[in-house]
2 protein chains.
Amino acid sequence: MKYSEAKEKYIQAWGTLGSSWGVNRTMAQIHALLMISTVPLSTEELMEELKISRGNTNMNVRALMDWGLAEKVLVPGERKEYFKADKNIMNIGVQVAKERKRRELDPIIKLLNDITLVEGDTAEVKEFRKVTKDLQKFATQTESVLDLFIKSNQNWFFKILGKLR
Amino acid sequence: MKYSEAKEKYIQAWGTLGSSWGVNRTMAQIHALLMISTVPLSTEELMEELKISRGNTNMNVRALMDWGLAEKVLVPGERKEYFKADKNIMNIGVQVAKERKRRELDPIIKLLNDITLVEGDTAEVKEFRKVTKDLQKFATQTESVLDLFIKSNQNWFFKILGKLR
DNA sequence: ATAAACTTTCAATAATATTTGAAAGTTCAA
DNA sequence: TTGAACTTTCAAATATTATTGAAAGTTTAT
């Protein structure tokens with residue numbers, strides 16, 4: 001396979017994957033590009049490579065930085081900002097786990113904590129309490145697993161799991 | 001908190017959570033409703049409760065069945081179809097893990113297997129190979145974890161992880 | 001202070017995804 | 001068969017989300 005073809009497929013696939021994980025396509029594609037680049041890239045270079053506008057580029061680069069997946073690089077003697085991505089896949093995984101936990105799991109747990117307290121003794125309400133308590137338990141367990149993953153550095157998490165197989 | 005309020009919040013939250021996980025809001029809400037219902041629900045009941053059209057209801061109920069999250073219930077003497085959801089949260093987790101693995105992870109692993117074979121010895125291509133191989137490794141490890149989770153019945157998975165904390 | 005180089009914002013537009021609802025299709029009892 | 005009861009389809013309408021690009025904002029060298 002030619003490099004140009006492989007690269008195209010890779011960026012395309014990363015974008016698609018991003019979409020089905022609540023990350024917008026462009027953000028994922030910028031990330032994909034930064035991941036394989038040997039040098040930090042400027043806004044212009046990202047615009048050119050992905051054929052996207054300046055505004056879009058700026059917006060999504062900032063989103064990537066919010067997610068802790070990219071950072072600014074200042075090149076001495078240059079006014080322009082360059083961007084690079086952390087290439088350590090484990091760090092990326094941890095970072096994504098951390099952010100999604102904060103943005104999605106934590107609010108749901110908070111909500112479940114509230115609504116499981118609903119009062120009443122009709123069959124309907126009893127069932128509601130039962131189901132939401134189960135969900136609460138599951139969410140809390142998931143939280144523990146994520147915390148374990150987030151705290152464990154390097155490959156520790158996978159190594160342990162590998163032994164269980 | 002009143003039951004009606006708790007129920008509303010729960011359905012709303014489940015819909016939002018669905019959206020950020022690549023599942024459409026309505027599908028998630030139907031699932032939420034079926035989860036807390038003490039009896040199977042008909043298309044009409046779902047339409048009424050969620051204020052959605054017949055077509056939408058039909059489409060999303062079928063999607064839920066595709067995901068293995070709901071099933072038809074035939075009530076003797078009734079022409080109408082009723083639907084119920086599996087309420088075992090572990091089964092749901094396993095089902096979702098299984099489907100997403102099949103729909104998303106498997107294709108990405110396949111792609112990575114292809115593109116890591118890109119030939120060339122420029123710095124660019126070498127970096128590309130390095131990054132994609134790392135991703136491949138990570139994806140494969142993730143796959144193992146998911147398989148472990150999918151195969152482990154009941155709470156085994158969480159129990160084991162709990163001990164590691 | 002000025003202006004060039006650069007970044008950010010945001011209203012307008014475009015692209016995408018979801019929803020509707022009426023028509024077509026199916027099933028089944030009579 | 002027929003027609004009532006029910007399900008499915010899908011083109012059109014609506015809602016949501018992403019993108020553009022020009023204007024406004026910022027920074028820095030002189």
Side-chain angles (χ1 to χ4, degrees), chain A residues 11-34 40-67 69-84 103-104, chain B residues 11-34 40-67 70-84 100 103-104:
Chain A
I11 290 173
Q12 158 64 32
W14 215 243
T16 305
L17 194 67
S19 313
S20 55
W21 283 84
V23 170
N24 96 30
R25 148 179 245 81
T26 302
M27 176 173 158
Q29 290 185 335
I30 292 176
H31 187 234
L33 249 191
L34 293 177
L41 301 176
S42 67
T43 299
E44 269 74 17
E45 289 164 323
L46 293 170
M47 287 168 64
E48 163 64 19
E49 187 98 41
L50 298 175
K51 306 290 183 224
I52 56 177
S53 72
R54 182 173 300 282
N56 198 9
T57 308
N58 179 268
M59 192 164 258
N60 285 108
V61 160
R62 279 188 300 110
L64 274 177
M65 292 191 292
D66 277 353
W67 275 72
L69 296 174
E71 58 182 62
K72 279 186 190 170
V73 178
L74 293 174
V75 176
E78 288 242 35
R79 297 269 306 264
K80 216 178 287 188
E81 293 177 338
Y82 289 79
F83 305 94
K84 72 168 188 179
R103 293 168 197 231
E104 295 159 27
Chain B
I11 290 173
Q12 158 64 32
W14 215 246
T16 304
L17 193 66
S19 312
S20 55
W21 283 83
V23 170
N24 96 32
R25 148 180 245 83
T26 302
M27 175 174 160
Q29 289 185 334
I30 292 177
H31 186 234
L33 249 193
L34 292 178
L41 301 176
S42 67
T43 299
E44 269 73 17
E45 288 165 324
L46 293 170
M47 286 168 64
E48 163 62 22
E49 187 97 40
L50 299 173
K51 306 289 181 223
I52 55 178
S53 72
R54 182 173 300 284
N56 198 9
T57 307
N58 181 267
M59 191 165 261
N60 285 109
V61 161
R62 279 187 302 111
L64 274 177
M65 292 192 292
D66 278 353
W67 276 73
E71 56 183 64
K72 279 185 191 169
V73 177
L74 293 174
V75 176
E78 287 243 36
R79 297 267 309 261
K80 216 178 287 186
E81 294 176 338
Y82 288 80
F83 305 94
K84 72 167 188 179
R100 299 206 68 165
R103 293 166 197 231
E104 295 159 27

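These figures come from a predicted structure and were not determined experimentally.
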Residues within residues 72-83 of chain A bordering DNA chain D, heavy-atom distance below 4.0 Å: Arg79(A)
Would you kindly give the [atom1]-to-[atom2] distance between [X] and [N], to the nearest whole Å?
| X | N | atom1 | atom2 | result |
| --- | --- | --- | --- | --- |
| Met47(B) | dT7(D) | CE | P | 11 Å |
| Arg62(A) | dC6(C) | CZ | C1' | 14 Å |
| Leu64(A) | dT7(C) | CG | P | 16 Å |
| Asn60(B) | dT8(D) | CG | C1' | 14 Å |
| Glu45(A) | dT7(C) | CD | C1' | 16 Å |
| Met27(A) | dA18(D) | CE | C1' | 14 Å |
| Arg54(B) | dT8(D) | CZ | C1' | 11 Å |
| Leu46(A) | dC6(C) | CG | P | 15 Å |

Proximity to the side chain of Asn24(A) - top-ranked nucleotide from dT20(D), dA18(D), dT7(D): dA18(D)
Residue Asn58(A), side-chain atoms from C-beta onward, closest of dT8(C), dT7(D), dA18(D): dT8(C)
Sugar-phosphate only, base, or nothing, as touched by Arg25(A) at under 4.0 Å among non-hydrogen atoms: nothing
Interatomic distance, Leu64(A) atom CG to Leu34(A) atom CG [nearest 0.5 angstrom]: 7.0 Å
Rounded distance (nearest 0.5 Å) linking atom CG of Asn56(B) with atom CG of Asn24(B): 7.0 Å
Lys80(B) side chain near Val75(B) side chain, heavy-atom distance below 4.5 Å: no
Any Gln12(B) side-chain heavy atom under 4.5 Å of Arg25(B) side chain: yes
Side-chain N,O (Thr26(B)) to OP1/OP2 (dT19(C)) below 4.0 Å: yes
Donor + acceptor pair across side chains of Gln29(B), Thr26(B) (<3.5 Å): no
Donor on one side chain, acceptor on other, Arg54(A) and Asn58(A), under 3.5 Å: no
Test log, rule side chain to side chain contact (heavy atoms under 4.5 Å, CB included), inputs Thr43(B) and Phe83(B): CA-CA 8 Å; Thr43(B) 299; Phe83(B) 305 94; 3.7 Å; yes
5' precedence on DNA chain C between Glu44(A) and Ile52(B) (nearest-nucleotide basis): Glu44(A)
Asn56(B) or Ser19(B), whichever maps to the more 5' nucleotide of DNA chain D: Asn56(B)
